[in-house]
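Read through the structure below, which is laid out as structure tokens, and then see the notes.
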Amino acid sequence: MDQKIAPVRVRFAPSPTGHMHLGSARTALYDYLIAKKTGGKFVLRIEDTDFKRYMPGAEEELISGLRWLGLEFDEGPDIGGPYGPYRQSERKEIYLEHARRLVAEDKAYYCFCTPERLTKMREDQQRRKEPPHYDGTCRNLSIDESERRIHDGEKHVIRFKTPKEGTTTVRDLLRGDITVENQTLDDYILVKSDGWALYHLAAMVDDHLMDITHVIRGSEWLPSLPLHALICRAFGWQEPIWVHLSVFLKPSGKGKMSKRESADLLKDGYSIFIKDLQDLGYTPEAVVNWVALMGWSYDDHTEFFTLDDLVKKFNLEHLNPSPAAINFTKLDHFNGLHIRNFTDQEFANRITPYFLQAGIRTDPETLLKIAPILKERVATLDDAIEMAGFFFKDKVNPIAGELPGKGMSNEQMIEVLKKSHSLLSGFEKITVADVEPVMREYVEQSGFSAGQVFGILRVAVTGQRISPPLFESMEIIGKEKVLERIENAIKLLE
RNA sequence: GCCCCCAUCGUCUAGUGGCCCAGGACGCGGCCCUCUCAAGGCCAAAACAGGGAUUCGAAUUCCCUUGGGGGCACCA
């Protein structure tokens, strides 16, 4: 069915300047999927040449984020590989050599203009309503003069000698040919005065040296795509296949998520950061499933996918170029779906750390028993704490006012609790099969509704108005504790 | 300001000239189930941005307008 695709080499190349977010996660996911699908390689490369913006711990967060999502990479800074090193900060000389080669071939040149002059130049251009452009002062300096000035210790950068005339056409896999007038391009800086390469050079050199076949990245790179193609062509390299993914917009669909909005979002229990999502009780399965479908679709209308499903079904052809607003309620939906898809044991394992974090001591047997009745009713894993914390407490503390008893007096509630207590006492142990028929029979005779009777019992036994089913809960809690809690509630009412 | 990209229900999307008075999913509303809350089942409302052109025929092709997004650093 699927035509055989040659093995790809793809790279996820984040810069360690901030927290890993949904956009990165999706790019990495698609990289992983297409690599696995074609039997290719998924490499992680850290683009850390901007020391000013470097964020300590970002690389570790990236790696643990990838692993949490299940996106194991084949080559990377911590595991190495045949194309290393995988940190750009360890490849300075490689970029410099390449830049010099371009200079030697008259495809780049040394520029001695000071940042101050360039800033002023730009301001003047802006004032004259001209697009900001390098004015070409050093573009035609002779090699001799350049070398003399370098020798004299003059600060310099290396600029790309962008063609002044004609057009450049590059093919993006999702959008087709994109053509720009070369005169709208600039003589971009390739190497900074401190000798470090800029992204444009470093990424192209690395992609070539690392045999990258497909460059999958965000569409914020689209404007510099012609430059990148021109650089590849200047070196005489074959270009990779360019794939620019749509951007993610904030839920309203109006623009990208800002820092301030991310903070607001967190108050509602959502986040665009992978680390947060984990803490908020989302499963990696759901995040993967959800994010995969933001910009990609599968044609038979199925939407529930595991990572393995996606590896089988993913393709580059169904990618969608238009921007996508993030829909967190759909994440909730997928989270529920995947939670319910877990085995009871798996679910028990997953919620354990959340209880731990909340300071609630659990035991594996009970966890396994509550799993089936809990799985159906939590949206996020940490919901389990609120919903099922009472299973692990010695006693619960219902508030008198919390005991519902719609339209019932205190005396009536006490009556119900006392009767229930005596009924339950008659059993050797509480099981749903034994107890439920008896209790329902009591409801019949009592004149109260099932909602009234079970509602009071629920609060007495669980301390909550909302809980998993009453009888199942009582069976798990055990007769002794149940009776104790009912007695407690009676005392409270009296 | 200049350059580039995008445009189907509120949102994510299917749709590559006739199968579409547009299909699915989330959400929303209703009903069923029901000891609470969920889950599940069923039903409903909801979109081709506007204008031209091509064609026997356009959501699908082309042009313009409008709207939205991204980019214009010795950041990535």
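All figures in this text were calculated on a predicted structure; none of them were measured in a lab. So that the names make sense, note that chain A is the first sequence line, chain B the second, and so on, each numbered from 1.
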Could you check whether the side chain of R175(A) and the base of C5(B) have a donor-acceptor pair of N or O atoms closer than 3.5 Å, going by distance alone? no
Which part of the nucleic acid, if any, lies within reach of E303(A) when heavy atoms closer than 4.0 Å are counted: base, sugar-phosphate only, or nothing? base
Side chains of Y86(A) and D206(A) only: does a donor on one sit below 3.5 Å from an acceptor on the other? no
Quick one: label G295(A) by what it contacts on the DNA or RNA (base, sugar-phosphate, nothing), any heavy atom closer than 4.0 Å. sugar-phosphate
Would you mind classifying the nucleic acid contact of T119(A) as base, sugar-phosphate or nothing, using non-hydrogen atoms under 4.0 angstrom? nothing
Specify the separation, in whole Å, of atom CE of M204(A) and atom P of A76(B). 12 Å
Whole-Å distance separating the CD atom of E154(A) from the P atom of C74(B): 17 Å
Base partner of C2(B), which must satisfy Watson-Crick or wobble distances under 3.5 Å: G71(B)
Of the candidate nucleotides C37(B), A39(B), A76(B), which contains the atom at the shortest distance from the side chain of Y199(A)? A76(B)
Across all chains, not counting sequence neighbours, the salt bridge (Lys or Arg N to Asp or Glu O under 4.0 Å) partners of E285(A) are R350(A)
Could you measure between the two C1' atoms, the one in A76(B) and the one in G70(B), and give it in whole Å? 15 Å
Give me the distance, rounded to whole Å, that separates G23(B) from G40(B) when you measure between the P atoms they each carry. 23 Å
Have a look at T329(A) and say if it touches a base, only the backbone sugar-phosphate, or nothing, with a 4.0 Å heavy-atom cut-off. sugar-phosphate
Gap between atoms CZ and C1', on F248(A) and C6(B) respectively (whole Å): 15 Å
Check whether any side-chain nitrogen or oxygen of N320(A) sits under 4.0 Å from OP1 or OP2 of A7(B), and answer yes or no. no
Answer with base, sugar-phosphate or nothing: what part of the nucleic acid does P251(A) contact at a heavy-atom distance below 4.0 Å? nothing
Check whether the side chain of K330(A) and the base of A25(B) form a donor-acceptor pair under 3.5 Å. yes
Once you round it to whole Å, what is the distance between P of C4(B) and NE2 of H228(A)? 17 Å
Does C75(B) have its OP1 or OP2 closer than 4.0 Å to a side-chain nitrogen or oxygen of K52(A)? yes
Please state the C1' separation for the pair G67(B) and C48(B) - nearest whole angstrom. 16 Å
Determine whether the aromatic ring centres of residues F471(A) and F454(A) are separated by less than 6.0 angstrom. yes
Determine whether V243(A) and L174(A) make a side-chain contact, defined as any pair of heavy atoms from C-beta on separated by less than 4.5 Å. yes
Rounded to whole Å, CZ of F471(A) lies from P of U36(B) at a distance of 12 Å
Scan R440(A) against the nucleic acid and name what it touches under 4.0 Å (heavy atoms): base, sugar-phosphate only, or nothing. base
Could you check which nucleotide pairs with A25(B) in any of the strands shown, counting Watson-Crick or G-U wobble with both distances under 3.5 Å? U11(B)
By nearest-nucleotide position on RNA chain B, the 5'-leaning member of N327(A) and C111(A) is N327(A)
Every protein N/O lying under 3.5 Å from an N/O of nucleotides 64-72 of chain B:
residue : atom : partner : partner atom : Å
G69(B)  : OP1  : G255(A) : N            : 3.4
G70(B)  : OP1  : K256(A) : N            : 3.3

For I178(A), report the nucleic acid contact type (base, sugar-phosphate, nothing); a contact means any heavy atom under 4.0 Å. sugar-phosphate
Going by purine N1 to pyrimidine N3 plus the second Watson-Crick contact, or the G-U wobble pair, all under 3.5 Å, which nucleotide sits opposite G57(B)? none
With rounding to the closest Å, how many angstrom separate the C1' atoms on C35(B) and G30(B)? 23 Å
Would you say the ring centroid of F355(A) lies under 6.0 angstrom from that of F392(A)? yes
In whole Å, what is the span from the CD atom of E472(A) to the P atom of U34(B)? 15 Å
Using a cut-off of 4.0 Å on non-hydrogen atoms, how would the nucleic acid contact of L198(A) be classed: base, sugar-phosphate, or nothing? sugar-phosphate
In whole Å, what separates the P atom of A25(B) from that of G17(B)? 26 Å
OP1, OP2 of G40(B) versus side-chain N and O of R340(A): anything below 4.0 Å? yes
Separation of atom CZ in R458(A) from atom P in U34(B), rounded to whole Å: 15 Å
Just checking, R149(A) and Y110(A): is the charged tip under 6.0 Å from the six-membered ring centre and within 45° of the axis? no
Under 3.5 Å, is there a donor-acceptor pair between the S89(A) and D48(A) side chains? yes
C32(B) to G24(B) separation - C1' atoms, rounded to the nearest Å: 23 Å
Under 4.0 Å between a side-chain nitrogen and a carboxylate oxygen: does that hold for E303(A) and K330(A)? yes
From OH of Y298(A) across to C1' of G24(B) the rounded distance in Å is 15 Å
How do V180(A) and E436(A) order along RNA chain B: which one's closest nucleotide is nearer the 5' end? V180(A)
Sequence neighbours excluded and cut-off under 3.5 Å, please list the side-chain donor-acceptor pairs for residues 196-203 of chain A, or say none.
residue : atom : partner : partner atom : Å
Y199(A) : OH   : R217(A) : NH2          : 3.3
H200(A) : ND1  : H228(A) : NE2          : 2.7

Modelled atom types, side-chain donor and acceptor of T184(A) and E181(A), under 3.5 Å: no
Spacing of the C1' atoms in A45(B) and C28(B) (rounded, Å): 9 Å
Using a 4.0 Å heavy-atom cut-off, does S193(A) contact any base of the nucleic acid, only the sugar-phosphate backbone, or nothing at all? base
Roughly how far apart, to the nearest Å, are U54(B) and U16(B) at atom P? 25 Å
The side chain of L470(A) lies closest to which of these nucleotides: A38(B), C35(B), C12(B)? C35(B)
